[in-house]
Each structure stands twice: as structure tokens, then as C-alpha cells.
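Every chain is numbered from 1, with letters handed out A, B, ... down the list of sequences.
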Amino acid sequence: MMKYIALFTALPCIALAQDGPFSEGSEARSWNLAWEQPARFEATVVDMLCEITGDCANECGAGRQLGLLRAADGVLTYPNKNNQGIFTGAAVDLAPFCGMQVEVDGLLIEDDYIGATNIYQVQMIRTLGDETWKTADGWTDAWALAYPDAAAQEGRWYRNDPRVVSLLEAAGYLGTGETWQEAWELTR
Amino acid sequence: MKHAFTAALALVAAPAFADGETVTIRGELVDTWCYFSGVMGGTEAVQGTAHHTCALWCSAGGIPVGLLAEDGTVYMILAIGGDDQSASGQTQLELASHEVTAAGRVFARDGLNYLVVDQIVEDHGITNINHSDFGSVPGFAIPNPEG
């Protein structure tokens, strides 16, 4: 029953998606998310740990989350997602631009009720002044370089990622020790 | 008076970061995109056992991990116990969906809360058993074992 309640609480919100203060000129594709706003703006790509805490010893190092310090108002937006299907973040796509001034196009998520503000989904990025946009879709290629054996297998990356596979084998799909068959039956 | 003005100016001009507020927080490690975007439904469906497999995928995929506190506040985790690999890092991956008691420092910036975890005081394991309410989220997370 709860699954249907969750679905129906999400559905009416789709109609509420609207333009925001940075929507002018945006060509971002809608994801039909509840509180999305198309948003195109100029920003500096910053290392989140450095920007937030001042711990800059490994600034822009691999594996650290990156943010967008918006030029117009100095607000720090947090890219949670890149432009690929599902389950992939934006740090890999932003990494080549760390410390640089860029222009981005994508979707801002603003939902006061759950505390979501300045959450961003990056769809396109380019160095400021550059005419050519780059689609933020580099995560799976980077993953395939890191895990060539897994990438050679049939199926989506998340089904073959060796770290995920190892954890699923240890604790199951629910994380609480059930076998594959048990987890399947418990969630039907 | 001049010194007071200078001190006030220094405070205004100080960088956004400071030492942070020292805290101990108990909550569940969640993937923030599913939680904030609503892409998979309401917030209660994107946590716990129902969402465990997706939480692994999102953490491995580099989506920021957050600590969903008991009061509903989400803290964006920037580091855990000296591990600064906040995008796809192994430490946070192994804690996906776990309820933990974390000691660290909180920083507020532009409406979001950020957490540097100095120490996981206690790992309570996965305690939010909600798959009987929501099934698996997303529905394809658990493939049919019979193919």
C-alpha cells in the first residue's frame, strides 16, 4: 500500500515544475522531476571540501565532490547528478574544469519541504567563452577504463561493478543477509 | 572604536569556511539525488532495505552521500574518518543504508548542511526494514533469480 501512496504523492508534483531565476536561455531537457527548474549560469568549478571547510591539501584531487560557485550571486550549488540515465554523479564530468570558469546548463532542484536547495543536475558544460558544449556523460566511460574486465561483461555497469557485486554477495539485495530468492519473494 | 570596526570588517570579509560546529548525529546514509529529486517517489521510499541496492549503485556511481538524521535533516557528507573520497569512495559505499552514530563537524552554506565525519562512533547496521512497505525501489533493483 505504501508504495502506491509514495507514487501518488510524487505524481501531482510533476505539474509544478516551473522556470526559475536562471532559466532564461536554458536548453536543459526536462526530467519531469517534481521541483526541477531549468538553469543555465556561469560559475567556477570548486572542490567542495576545500570550498566548505578550507581543507585544500588535495584540492581537485580524484574522487572528491565538486561544486559550482555561481558567478551571478556567489551561491554554491551542488551538482548531484550528471546527464546519464540513473545512478551516476557529476564529479567525473566536472573534474577537467576544476578551478576554471564555466557555463553550465541543467536542472536545479528547489524543494523547501524536504530541504533541497541549490541541488543541480548538470547536462552540459563548457569553458567560459567557448562555443562548444560538452555533454556531461563521461561517467560510464571512466568506469569502463577503471574496470575493463567488468565493462567487457554483458549488462549495465551497475550490474557488473565489482565493488557493488561484492557487497551484494556479502549481504544481499536488501543488505540484511537474505538470499537472492528470499529478497525477490519478500519484495513482490 | 576603530578596533571594533576593524574586527567587524574582518568577520564580514572572512572566508565562508570556519571550523564548523562540532556535532554527534545519528542517522542513515542515503543517496542524495534520489532523496532530493523525487525521481523514485517519496522520501520514505528511497531509504532503508527497500532502497539498499540503489543506494549502493548511486554511491558507487559518484552521487553524493548524505546522512539523513533522525529529525529529517540531510547532511551532505564530504569526508569520513579522513577519507576524502566523497565521490564513489569505498568507505561511504560500505556504509550505504546503514544507520550510524557519527561525530564530526557541520558547516552550513547556501541552504545546505555539510558534514565532515571525523569518526563513526557506532555502526548500527541496516535498521530501516521497509521493503515490506515499498518493495524494492526501483522495482528492477532485484532481478528475477529465475531469469
key: Side chain, backbone, both or neither of A:I109 within contact of chain B (heavy atoms, under 4.5 Å)   = side chain
ask   = When heavy-atom pairs shorter than 4.5 Å are enumerated against chain A, which of B:G89, B:G125, B:S86 gives the highest number?
value = B:S86
Intermediate values then yes/no, side chain to side chain contact (heavy atoms under 4.5 Å, CB included), A:T88 and B:W57 = CA-CA 8 Å; A:T88 50; B:W57 291 341; over 6 Å; no
inquiry  = For A:A183, which atoms come within 4.5 Å of any heavy atom of chain B: side chain, backbone, both, or neither?
reply    = both
query = Under 4.5 Å between any side-chain heavy atoms of B:R105 and A:I52, yes or no?
reply = no
key: In one Ile/Leu/Val/Met/Phe/Trp/Tyr side-chain cluster, 4.5 Å: B:Y35, A:M48   = yes
ask   = If every non-hydrogen atom of A:I86 is compared with every non-hydrogen atom of B:F140, which pair is closest and at what distance?
value = CD1-CZ, 3.7 Å
message = If we ignore hydrogens and angles and just use 3.5 Å, is the side chain of B:S136 paired with the main-chain N or O of A:T187 as donor and acceptor?
response = no
Side chain, backbone, both or neither of B:A60 within contact of chain A (heavy atoms, under 4.5 Å) = both
task = Just give me the residue among B:A87, B:G72, B:C54 that pairs up with chain A most often, heavy atom to heavy atom, under 4.5 Å.
result = B:A87
task = Verify, without hydrogens or angle tests, whether B:W33 (side chain) and A:K81 (backbone) share a donor-acceptor contact under 3.5 angstrom.
result = no
request  = Give the minimum heavy-atom separation between A:Y173 and B:H52, together with the two atoms involved.
outcome  = O-CD2, 3.6 Å
message = Tell me whether B:D110 contacts the main-chain N or O of A:V75 through its side chain, where contact means a donor paired with an acceptor under 3.5 Å.
response = no
query = Are any non-hydrogen side-chain atoms of B:F36 and A:D111 less than 4.5 angstrom apart?
reply = no
ask   = With only heavy atoms counted, which part of B:V116 is less than 4.5 Å from chain A, the side chain, the backbone, both or neither?
value = side chain
query = Are A:V104 and B:I63 connected in a single hydrophobic cluster, I mean Ile/Leu/Val/Met/Phe/Trp/Tyr linked by side-chain heavy atoms less than 4.5 Å apart?
reply = no
inquiry  = Within the 4.5 Å heavy-atom criterion, are A:R159 and B:P143 side-chain neighbours or not?
reply    = yes
note = Counting heavy-atom pairs under 4.5 angstrom with chain B, the leader among A:G74, A:G89, A:G172 is A:G89
message = As an exercise: rank B:V39, B:T49, B:V137 by heavy-atom pairs under 4.5 Å with chain A and give me the winner.
response = B:T49
ask   = Between B:G61, B:S37, B:C34, which shows the greatest number of heavy-atom pairs under 4.5 Å with chain A?
value = B:G61
task = Go through the atoms of A:A62 and report whether side chain, backbone, both or neither lie under 4.5 Å from a heavy atom of chain B.
result = backbone
message = I need the minimum non-hydrogen distance between B:P64 and A:P79, along with the two atoms involved.
response = CG-O, 4.1 Å
message = Is the shortest side-chain heavy-atom distance between B:M76 and A:Q65 below 4.5 Å?
response = no
task = Could you tell me which non-hydrogen atom of B:I142 sits nearest to which non-hydrogen atom of A:R188, and how far apart they are?
result = O-NH2, 4.4 Å
remark   = When the 4.5 angstrom heavy-atom criterion is applied to A:W143 and chain B, the contacting part is neither
ask   = Which residue out of A:I114, A:L49, A:V164, A:T140 racks up the most heavy-atom pairs below 4.5 Å with chain B?
value = A:I114
Selection from A:A171, A:G61, A:A91, A:G115 maximising heavy-atom pairs under 4.5 Å formed with chain B = A:G115
query = Do B:I77 and B:L68 belong together in a cluster built from hydrophobic side chains that touch within less than 4.5 Å?
reply = no
ask   = Which bit of B:T32 comes within less than 4.5 Å of chain A, counting heavy atoms only: side chain, backbone, both or neither?
value = both
ask   = Are B:V23 and B:V100 connected in the hydrophobic side-chain network, where two residues link if heavy atoms are under 4.5 Å apart?
value = yes
query = Using a cut-off of under 4.5 Å for heavy-atom pairs, which of B:S88, B:G111, B:G139, B:S97 has the most such pairs with chain A?
reply = B:S88
query = For the residue pair A:F87 and B:C58, what are the closest heavy atoms and their distance?
reply = CD2-SG, 3.7 Å
note = Looking only at A:N58, A:T77, A:L76, the option with the highest number of non-hydrogen pairs under 4.5 Å against chain B is A:L76
task = Examine whether an atom of B:N144 lies under 4.5 Å from a heavy atom of chain A, and if so say whether it belongs to the side chain, the backbone or both; otherwise answer neither.
result = both
message = I'd like to verify something: which residue of B:T73, B:I126, B:D31 has the highest number of heavy-atom pairs under 4.5 Å with chain A?
response = B:I126
request  = Compare all side-chain heavy atoms of A:I119 with those of B:L112 and state whether any distance is below 4.5 angstrom.
outcome  = yes
message = Using a 6.0 Å cut-off, check whether atom CD of A:E24 has over 12 heavy atoms from anything other than its own residue.
response = no
Interchain contact, A:W139 with chain B, by part (heavy-atom threshold 4.5 Å) = side chain
